Protein chains: 2
Amino acid sequence: MDVRRLVGENVRRYRLAAGLTQEQVAERMGVDRAYVSSLEAGTRNPTVITLWHAAQALGVEVHLLLRASGGTG
Amino acid sequence: MDVRRLVGENVRRYRLAAGLTQEQVAERMGVDRAYVSSLEAGTRNPTVITLWHAAQALGVEVHLLLRASGGTG
DNA sequence: ATGTGACTAGTAGTCCGTA
DNA sequence: ATACGGACTACTAGTCACA
């Protein structure tokens, strides 16, 4: 179980569903574009505050970014 | 909106619901008791990996630690 | 059995350039 | 518009002593 990968997959899914580019998400989050890229790649271990900013940028509730994709949702 | 506080409240809620002490949660997480204390106090900004360890220690799914207590499901 | 501040080592997140 | 790497600064992880 790798939460970093889980977060990355969720960010990408919600971003594409919202029709946004990484650049747009980065601007909304107030972070660098390269950061969003590595976040989606699952190579980052973001803090909960960063995760919250991502959720805001994507227009979803923060806990959704930690839900398993194929989970019993 | 302060996610740190949200995490702290949730950790405390689930810990008490499980009938565990901070000391026991700390041991399960593999961290110091003081860390759990500050986590519950909402003064920490944990990474998602730390959050995942906390969820494991409490026997809950990690996304539950980011759910608003009185939230609209 | 808990809360807080100081502390050392590690890393989150930035900025720049390339493909 | 996206992926990756390197050097950099600010902050978090995790611990200890004291109350």
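Below, chain A is the first sequence line, B the second, and so on; all start at residue 1. Every value quoted in this text rests on a predicted model; they were computed, and no experiment measured them.
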Peer 1: Taking salt bridge (Lys or Arg N to Asp or Glu O under 4.0 Å) as the test, write out the residues that go with A:R13, two or more places apart.
Peer 2: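 Scan of A:R13 (salt bridge (Lys or Arg N to Asp or Glu O under 4.0 Å), adjacent residues dropped) gives none.
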Peer 1: List the residues meeting side-chain hydrogen bond (donor to acceptor under 3.5 Å, both in side chains) with A:E40, not counting sequence neighbours, and say none if there are none.
Peer 2: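 A:E40 satisfies side-chain hydrogen bond (donor to acceptor under 3.5 Å, both in side chains) with A:R12, A:R15, A:Q22 only.
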Peer 1: Check side-chain contact (heavy atoms from CB on, under 4.5 Å) between A:T47 and all other residues, then give those that pass, not counting sequence neighbours.
Peer 2: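 For A:T47 the side-chain contact (heavy atoms from CB on, under 4.5 Å) partners, ignoring immediate neighbours, are A:I49, A:T50, B:N45, B:T47.
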Peer 1: Check whether any side-chain N or O of B:Q24 sits under 4.0 Å from OP1 or OP2 of C:dA1, and answer yes or no.
Peer 2: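 Answer is no, no contact under 4.0 Å.
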Peer 1: If an axis is fit to five pairs at each end of the helix from C:dT2-D:dA19 to C:dA19-D:dT2, what is the angle between the two, to the nearest 10°?
Peer 2: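 Here the local axes at opposite ends form an angle of 40°.
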Peer 1: When all nucleic acid strands are considered with a 4.0 Å heavy-atom cut-off, which category describes A:R12: base, sugar-phosphate, or nothing?
Peer 2: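 The answer is sugar-phosphate, as A:R12 gets under 4.0 Å only of primed atoms, P, OP1 or OP2.
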Peer 1: Which nucleotide span of DNA chain D, 5' end to 3' end, has atoms closer than 4.0 Å to non-hydrogen atoms of chain B?
Peer 2: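 Endpoints of the contacted stretch of DNA chain D: D:dT12 to D:dC16.
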Peer 1: Residues two or more places apart in sequence or in another chain: which of them pass salt bridge (Lys or Arg N to Asp or Glu O under 4.0 Å) with B:E23?
Peer 2: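 Testing B:E23 for salt bridge (Lys or Arg N to Asp or Glu O under 4.0 Å), a comparison that skips the adjacent residues, returns B:R33.
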Peer 1: What does the B/S/- profile of nucleotides 13-19 of chain C look like, 5' to 3', with a 4.0 Å heavy-atom cutoff to protein?
Peer 2: BBB----
Peer 1: Which residues satisfy the side-chain contact (heavy atoms from CB on, under 4.5 Å) test with A:A34, sequence neighbours excluded?
Peer 2: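 Result, side-chain contact (heavy atoms from CB on, under 4.5 Å) vs A:A34: A:D32.
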Peer 1: If you look at every strand shown and take non-hydrogen atoms under 4.0 Å, does A:R15 touch a base, only sugar-phosphate, or nothing?
Peer 2: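 It contacts sugar-phosphate atoms only.
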Peer 1: Which residues pass the salt bridge (Lys or Arg N to Asp or Glu O under 4.0 Å) test with A:R44, sequence neighbours left out?
Peer 2: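 A:R44 satisfies salt bridge (Lys or Arg N to Asp or Glu O under 4.0 Å) with no other residue.
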Peer 1: Going by side-chain contact (heavy atoms from CB on, under 4.5 Å), name the residues that satisfy it together with B:Q56, two or more places apart in sequence or in a different chain.
Peer 2: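 B:W52.
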Peer 1: List in chain and number order the residues that pass side-chain hydrogen bond (donor to acceptor under 3.5 Å, both in side chains) with B:D2, two or more places apart in sequence or in another chain; answer none if no residue qualifies.
Peer 2: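 Here the qualifying residues are B:R4.
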Peer 1: Can you name the salt bridge (Lys or Arg N to Asp or Glu O under 4.0 Å) partners of A:E27, sequence neighbours left out?
Peer 2: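 Salt bridge (Lys or Arg N to Asp or Glu O under 4.0 Å) check on A:E27 returns nothing, list empty.
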Peer 1: Between A:L65 and A:A54, what is the shortest heavy-atom contact and its length?
Peer 2: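 Looking at all heavy atoms of both residues, the closest pair is CD1-CB, 4.0 Å.
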